[in-house]
Number of protein chains: 2
Amino acid sequence: MMLRQHEVAERIKQYILQNRLGPGDPLPTEAELCAAVGASRSSVREAIKTLTALDIVEVRHGHGTYVGRLSLAALVESLTFRGLLSRSDDFRVLSELVQVRQTIEQGLAGPILAAFDDGIHGELLDLADQMAERAARGESFIDQDREFHLLLMEPLGNELITQLTAAFWDVHAIVAHTLDTSPESVRETVEAHHAIVAAVSAGDVTAFTRAIEAHYAPVRRRLQEGPGR
Amino acid sequence: MMLRQHEVAERIKQYILQNRLGPGDPLPTEAELCAAVGASRSSVREAIKTLTALDIVEVRHGHGTYVGRLSLAALVESLTFRGLLSRSDDFRVLSELVQVRQTIEQGLAGPILAAFDDGIHGELLDLADQMAERAARGESFIDQDREFHLLLMEPLGNELITQLTAAFWDVHAIVAHTLDTSPESVRETVEAHHAIVAAVSAGDVTAFTRAIEAHYAPVRRRLQEGPGR
DNA sequence: CTGTATTTGTCCGTATGTATG
DNA sequence: GCATACATACGGACAAATACA
């Protein structure tokens, strides 16, 4: 037979497309897939592994195979590994990542402020306050930070941007994990989040842009002063 | 033994990290990897499949296994499949993608113009001219378009941005493949590229921003008028 | 709670395709 | 053409997880 592995994966994708399946929908069992695509179980399993890595399919042990959520988990995996691999290498990956995150958030200033919403504003302010409280107690506030940046993008209704934001945040958190956080940087970060909320509620684009820049200033400083730590 | 699949992949990644390997460096053979991580060939092969999908490892049939190029191929795969899956669904994915591309290019206006370079300017102008010529002959100019947008980002020296630009362009080309191109849209697109070059050489940020917006105007229009075709 | 059936996970043995010398 | 080393493919057997009667 000699079906290429790539072709097996392609046929499974075709199966999903032709049957108009969506995330969560069940796929045939491995045995049925073998018969359907005309390959051995090993080959089918390897193709499924490839598709699983891309979150195109999702496998539950002892239960079945399903269409995946089509998240950007693969991007996170890929970028974090790059960050870990080039750790000696100047924090270059993190530096590049910060520029991307800042560019996207600043570039979307207009649309974000245009899609302003009172409910969102309340939630943002609440999160910023929580971050201040936790920081005062010397606790970490990474969960609130993640939620904050996601909430900022949510009103846009652009799912790709939301997922990219989440993915970049995740990579940042993993790659920057070793960066020490001085009390001053923490204070600066907390203040920046409050400034962002204020700019959003005031509808002030330039203030928003400045606040985003201030938000990333501590990391940028840290990256400049000592790449190799 | 019962090693989780995920752990096998993790151990292979650890191997790469601990041995300070980089793209192109050879990995042990399958048999050696089996002994190293303590798993069967099947399990190791499936783990390798996962890592291959992320371009963390690269396999050459009959030759060996190597560290991959760490490209964003997985992102392209993932996003294109999403686009194909929701094709009926309003071209929503393409619409979101256009906003991301435009945001990044406009948001980087400052840094791009700051990193201006005569050599780049000449190449950009050359590409824009080629596009005009090919358009006049009714030919496609997608290769020149891709090169143009990559060249625009190159002076930044941010490899992540370069790869994201390439990935987004690739997804756009695949997902928008069915979009018909009216002669007027083509003319508009060609003009936009010349306007971008002019703005870059003049160092005019607002002109650059306007040119980028004009560049994506035809697609946006097409997306608005008829989602389902 | 206890089997039992179904489904995925792991392993092994063997044969085949592919590149190198 | 041949030998070697490697990845690829196949089929069968058993283990582990889940669901259900």
Side-chain angles (χ1 to χ4, degrees), chain A residues 1-16 19 21-71 73-74 77, chain B residues 1-16 19 21 23-70 73-74 77:
Chain A
M1 212 62 186
M2 263 292 90
L3 264 185
R4 291 223 175 126
Q5 68 212 19
H6 191 262
E7 282 191 78
V8 178
E10 216 58 35
R11 290 195 187 190
I12 295 177
K13 289 202 286 185
Q14 283 303 320
Y15 178 92
I16 295 174
N19 292 69
L21 301 182
D25 289 343
L27 260 58
T29 67
E30 288 183 353
E32 289 170 328
L33 275 178
C34 293
V37 306
S40 73
R41 194 174 159 220
S42 313
S43 301
V44 169
R45 279 184 58 79
E46 290 184 8
I48 288 178
K49 274 298 161 195
T50 298
L51 298 179
T52 300
L54 303 175
D55 205 7
I56 289 177
V57 311
E58 181 186 345
V59 176
R60 271 176 269 175
H61 190 172
H63 195 263
T65 309
Y66 303 84
V67 178
R69 309 188 190 292
L70 305 176
S71 71
E77 282 279 316
Chain B
M1 210 63 183
M2 264 294 89
L3 266 185
R4 294 262 182 277
Q5 180 73 55
H6 190 261
E7 283 191 78
V8 179
E10 216 58 35
R11 292 196 186 190
I12 296 176
K13 289 202 286 186
Q14 284 302 321
Y15 178 92
I16 297 175
N19 292 70
L21 301 183
D25 289 344
L27 261 58
T29 67
E30 287 185 354
E32 290 170 330
L33 275 179
C34 293
V37 307
S40 72
R41 274 187 292 279
S42 313
S43 300
V44 168
R45 278 185 59 78
E46 290 184 7
I48 288 178
K49 277 295 166 196
T50 298
L51 298 178
T52 301
L54 303 175
D55 205 8
I56 288 176
V57 311
E58 182 185 347
V59 176
R60 270 176 271 175
H61 191 168
H63 197 265
T65 308
Y66 304 83
V67 179
R69 310 190 186 293
L70 304 176
E77 282 280 315

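Just so it is clear: chains get the letters A, B, ... in the order the sequence lines come, proteins before strands, and each one is counted from 1.
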(Q) Does C/dG9 have its OP1 or OP2 closer than 4.0 Å to a side-chain nitrogen or oxygen of B/Ser43? (A) no
Q. Does the B/Gln5 side chain pair with the main chain of B/Ser43, one donor and one acceptor, at a distance under 3.5 Å?
A. yes
Q) Got a donor-acceptor pair under 3.5 Å from the side chain of A/Arg60 to the base of C/dG9? A) no
Q: Could you list the residues that satisfy side-chain hydrogen bond (donor to acceptor under 3.5 Å, both in side chains) with A/Ser71, not counting sequence neighbours?
A: A/Asp55
Q) Of the nucleotides D/dT8, C/dT8, D/dC10, which has the atom closest to the A/Ser40 side chain? A) D/dC10
(Q) Can you tell me if B/Thr65 touches the phosphate of D/dA7, counting only side-chain N or O atoms and a distance under 4.0 Å to OP1 or OP2? (A) yes
Q) Picking from D/dA9, C/dG13, D/dA7, which would you name as closest to the side chain of B/Arg41? A) C/dG13
Q: Locate the shortest heavy-atom distance separating B/Arg11 from B/Val37; write the atom from each residue and the value.
A: NH1-O, 3.2 Å
Q.
Output the rounded distance in Å from CD (B/Glu7) to P (D/dA16).
A. 15 Å
(Q) Counting only side-chain nitrogens and oxygens, does A/Arg45 get under 4.0 Å of the OP1 or OP2 atom of C/dG9? (A) yes
Q. Taking CD from B/Glu30 and P from C/dT18, how many angstroms apart are they, rounded to a whole number?
A. 16 Å
Q: Report the distance from atom NE2 of A/His6 to atom C1' of C/dG17, rounded to the nearest whole Å.
A: 19 Å
(Q) Side chain of A/Thr29 only, heavy atoms from C-beta on: which candidate in C/dT7, C/dG9, D/dT8 is closest? (A) C/dT7
Q) Looking at residues at least two apart in the chain, or sitting in another chain, which of them share a side-chain contact (heavy atoms from CB on, under 4.5 Å) with A/Ala74? A) A/Leu54, B/Leu54, B/Ala74
Q) When the distance from NE2 of B/His63 to C1' of C/dG17 is rounded to whole Å, what number comes out? A) 15 Å
Q: Under 4.0 Å between any heavy atoms, over every strand shown, what does A/Ser42 touch: base, sugar-phosphate, or nothing? Just pick one.
A: base
Q: Send over the distance from A/Lys49 NZ to D/dT8 C1', rounded to a whole Å.
A: 18 Å
Q) Taking OH from B/Tyr66 and C1' from D/dA7, how many angstroms apart are they, rounded to a whole number? A) 11 Å
(Q) Please report the distance, rounded to the nearest Å, between CD in A/Glu58 and C1' in C/dG9. (A) 16 Å
Q | Nearest heavy-atom neighbours spanning A/Ile48 and A/Val57 | A | O-CG2, 3.7 Å
Q.
Looking at A/His61 and C/dT8, is any side-chain donor or acceptor paired with a base atom of the opposite kind under 3.5 Å?
A. yes
